[in-house]
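Heads up: the structure comes next, in structure tokens.
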Amino acid sequence: MTAVDLAEKFAAFDDHWRPRVAARLNGQDVRLVKVQGVFPWHSHADADEMFLVWKGRFRVEYRDRIVDLGPGQFTVVRRGVEHRTAADEEAEVVIFEPSEVINTGDAPTSAFTAPQGVEV
């Protein structure tokens, strides 16, 4: 068991929308992702997701509302709820979700679909 330095981990990669696994626990991943732009609409039928903003501004958009987040804020997207994520400028986000979750959920495979299990 060691301390994880989020600033150091985020500095280790530059690409957007490609989550990296920083830790695993109880069948869940702690994933780090840099985001910029708008992600496709999607849902996850069997998994809740928690998004915690580390740096920048980040939003979770639903069909009927937008949750805007800054550093130190988080939100949970409940399973089965259609959403998309976005950031006008680069943001760094920590995601907590089951290890088997594919980042694009039920959306068609695209350039946004990240490889599974890549560690940082």
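For the numbers below, each heavy atom of this structure counts, side chains included, while hydrogens, waters and symmetry mates do not. No experiment lies behind these values; they were computed from the predicted model shown.
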* To do: Answer yes or no for Lys55 and Phe10: cation-pi contact, defined as NZ/CZ to six-membered ring centre under 6.0 Å and angle to ring axis within 45°.
  => no
* Asked: With sequence neighbours left out, what residues match Arg20 under side chain to side chain donor-acceptor pair (under 3.5 Å)?
  -> Asp15
* **Hydrophobic cluster partners of Trp41 (side-chain heavy atoms under 4.5 Å)** => none
* **Test side chain to side chain donor-acceptor pair (under 3.5 Å) applied to Arg65 - qualifying residues, sequence neighbours left out** => none
* Asked: Can you pull the side-chain hydrogen bond (donor to acceptor under 3.5 Å, both in side chains) pairs that have at least one residue in residues 107-120, sequence neighbours excluded?
  -> Arg24-Glu119, Thr104-Thr113
* May I ask you to check whether over 12 heavy atoms, not counting those of Asp46, lie within 6.0 Å of atom CG? => no
* If Ile, Leu, Val, Met, Phe, Trp and Tyr residues are connected whenever their side-chain heavy atoms lie under 4.5 Å apart, and connections chain through other members, are Val53 and Val33 in the same group? -> yes
* Structure fact -> For residues 55-75, the ring-ring contact (aromatic ring centres under 6.0 Å, His included) pairs (sequence neighbours left out) are Phe51-Phe58
* Structure fact -> salt bridge (charged side-chain N to carboxylate O under 4.0 Å, His left out) pairs touching residues 94-115, sequence neighbours excluded, are Arg31-Glu97
* Co-members of Val118 in a cluster of I, L, V, M, F, W and Y side chains, linked at under 4.5 Å -> none
* To do: Could you check His83, Arg84, Glu82 and say which one makes a side-chain hydrogen bond (donor to acceptor under 3.5 Å, both in side chains) with His42?
  => His83
* **Residues that Phe96 engages under ring pair (Phe, Tyr, Trp, His ring centres under 6.0 Å), provided they are two or more places apart** => none
* To do: Take Lys34 and Asp14 through the test salt bridge (Lys or Arg N to Asp or Glu O under 4.0 Å) and record every step on the way to the result.
  => CA-CA 7 Å; Lys34 290 184 179 181; Asp14 292 318; 3.8 Å; yes
* Linking I/L/V/M/F/W/Y whenever any side-chain heavy atoms sit under 4.5 Å apart, do Leu32 and Met50 land together? -> yes
* For Pro108, all residues meeting side-chain contact (heavy atoms from CB on, under 4.5 Å), sequence neighbours excluded -> none
* Partners passing side-chain contact (heavy atoms from CB on, under 4.5 Å) against Ile66 (at least two apart in sequence or in another chain) -> Arg59, Glu61
* Structure fact -> Residue set satisfying side-chain contact (heavy atoms from CB on, under 4.5 Å) with Asn26, at least two apart, ordered chain then number -> none
* Just jot down the side chain to side chain donor-acceptor pair (under 3.5 Å) partners of Glu90, sequence neighbours excluded, or say none. => His16
